[in-house]
Structure formats: structure tokens, C-alpha cells
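Presented below is the structure to which this report refers.
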Amino acid sequence: MSEQEPTSGSELNEVEQTDKEHVFGTWSFQKEVSPTQVVDSDGVRFTTAAGDEYIDFSGQLMCSNLGHSADAVADAIDEQVRETAYIAPNYTTEARSELGRKLAEVTPGDLSKTFFSTSGTEATEAAIKIARAYTGKQKIVSRYRSYHGATYGSISVTGDPRRLKAEPGIPGTIKAPDPYAYGSTLDPMESVGLVETLW
Ligand SMILES: Cc1ncc(COP(=O)(O)O)c(C=O)c1O
């Protein structure tokens, strides 16, 4: 646990204030960024500097899915970093090939290879490039109710308003209406059919 003094209300403690001054907050008006310092996390729980304890139902951004500060994860990272921390793509390690094999066991149909990326947006970028290379076609159709990542290709296929500052984005991306009734004038099934007209 940190020695950090708990704070109350919206007042930022020293760490939070330093963060606000020196770290660019994502997807935010910088003046409105108000970071909350986390001082401990374990399993499904995390604790803030103000002493508030949270049960984390989403593993933050769906990333800490084995629980916070899991010993098995920390030990595996420690072991691998001490053995080989980094290799160029044309080499391999037992860990890389074994993870590829295990994923092939659970991926559907004849999918047998995994492209390893370090973020979701990089995976989206790769998917766009692979689809274009494989089909020889250019257009990418995506939904308005979507978020696919922050890099240029991914934000170009993103529908949610975070895309707006990046428009016009990369060429060849088209948005389709969603099969979603709430607040829409389109019948959900009609919007499914509309994708057919976007060629
Ligand atoms: C569906 C989907 N695709 C892509 C991303 C981007 O992932 P990352 O933040 O790891 O780049 C996210 C992130 O929330 C996502 O929910």
C-alpha cells in the first residue's frame, strides 16, 4: 500500500495533480481530466488513494481478465523477461509458438494462425490490411455504433463520435446503420439489408 494521504471529494492529491499536469489524458478535454490514483489491486478488487475499494467487474478495459496482480501472471512475465525479453519477428521462442498452438485449439473452424499485436487498434489495422490483401477489394464497411481503436485506420472505421476529429480518415471506409431499434427510425431488419446496398 502507498503512504499517500487520502483525499476527499474532487480535490486531486499530489500524484493525481502531477498526472493531470504531465500526462495527456485520452479522449478528454484536457482541462476536465481528473485522474484517480489506484494504490492497490488484488483479484477482483482495487483501492484508490482516497481509500475507496472497488469490485472491478470489467477488469478495467477488459484487460485484467485473470484478476488484478495475479501471481501466476507476474511470475510468467518475470520468468520470460529474464529468459528473453524481446526478439525480432523472424525468431521465435517456446512461449510464442506454444501460445499460437493453444489459440489454434480454441479458434473456430480451420483458423489455425494468430497475428500477435500489442493492442486492439493494431489488431484492427492488421485485419483491414489482411482483408484488403486477401480480397483485392478496398472498401471496409463498419457500423455507426462501434469503437475499433485510436490509430488512423481503426478510428476511420469507428462509428462513435470519437472519430469526428480524425475525419476524413483513411479512404474506402463506409458506415452502415445498426440493427438496433432504440432511437432509430429504421426497422432493425431493414438496416441489416441496407449493408447490401453499400457496394
Ligand atoms: C471492439 C474494440 N476494438 C478495438 C479496441 C481498441 O483496443 P486498444 O485500446 O487495445 O487499442 C477496443 C477498445 O476498447 C474495442 O473495444
Side-chain angles (χ1 to χ4, degrees), residues 19-20 22-30 32-38 41 44-46 48 54-70 72-74 76-77 80-81 85-87 89 95-96 99-100 102-104 106-109 111 113-135 137-184 188 191-192 194-195 198:
D19 192 272
K20 182 178 171 66
H22 299 292
V23 179
F24 200 99
T26 52
W27 302 123
S28 309
F29 293 113
Q30 297 305 295
E32 291 171 17
V33 168
S34 180
T36 301
Q37 185 191 1
V38 172
S41 63
V44 296
R45 295 170 195 275
F46 68 93
T48 68
Y54 289 81
I55 298 175
D56 189 349
F57 286 100
S58 66
Q60 295 298 297
L61 290 182
M62 296 74 76
C63 300
S64 298
N65 298 323
L66 300 179
H68 290 288
S69 309
V73 175
I77 292 171
Q80 185 61 49
V81 166
Y86 172 78
I87 47 158
R96 187 175 93 168
L99 179 57
K102 284 188 171 172
L103 287 168
V106 295
T107 43
L111 294 176
K113 284 196 162 193
T114 294
F115 174 84
F116 290 118
S117 67
T118 52
S119 64
T121 196
E122 195 191 339
T124 307
E125 299 284 342
I128 292 171
K129 285 185 279 185
I130 290 168
R132 283 180 167 170
Y134 184 76
T135 63
K137 298 178 179 178
Q138 292 189 355
K139 287 183 185 167
I140 306 288
V141 179
S142 61
R143 298 283 184 185
Y144 276 104
R145 291 179 65 84
S146 68
Y147 175 73
H148 293 293
T151 53
Y152 237 91
S154 303
I155 199 69
S156 301
V157 295
T158 285
D160 103 16
R162 282 173 282 185
R163 80 179 193 280
L164 294 172
K165 297 283 185 202
E167 286 193 331
I170 64 168
T173 57
I174 298 168
K175 302 286 183 321
D178 302 82
Y180 181 71
Y182 183 74
S184 172
S191 65
V192 172
L194 271 175
V195 174
L198 293 174

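Indexing begins at 1, ligand by ligand and atom by atom, following the structure's order. Since the model is a prediction, treat every value here as computed from it, not as a measurement.
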Atom-level proximity to ligand 1, residues with heavy atom under 4.0 Å = Ser119, Gly120, Thr121, Tyr147, His148, Gly149
Could I get the full list of side chain to side chain contact (heavy atoms under 4.5 Å, CB included) partners for Asp19, not counting sequence neighbours?
->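 With sequence neighbours excluded, Asp19 shows a side chain to side chain contact (heavy atoms under 4.5 Å, CB included) to Val23, Pro35, given in chain and number order.
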Any side-chain heavy atom of His148 within less than 4.5 Å of one from Ser156?
->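 They are not in contact (no side-chain heavy atoms under 4.5 Å apart), so the answer is no.
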Between Val195 and Arg143, is any pair of side-chain heavy atoms under 4.5 Å apart?
-> yes
Between Tyr54 and Phe46, how do the two ring planes meet: parallel, tilted or perpendicular, split at 30° and 60°?
->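 The rings of Tyr54 and Phe46 lie parallel, inter-plane angle below 30°.
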Hey, could you give me each pair passing salt bridge (Lys or Arg N to Asp or Glu O under 4.0 Å) that has a residue in residues 115-131? Not counting sequence neighbours.
->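 The answer is none; no pair qualifies.
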Salt bridge (Lys or Arg N to Asp or Glu O under 4.0 Å) with Arg163: which residues, sequence neighbours excluded?
->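 For Arg163 the salt bridge (Lys or Arg N to Asp or Glu O under 4.0 Å) partners, ignoring immediate neighbours, are Glu167.
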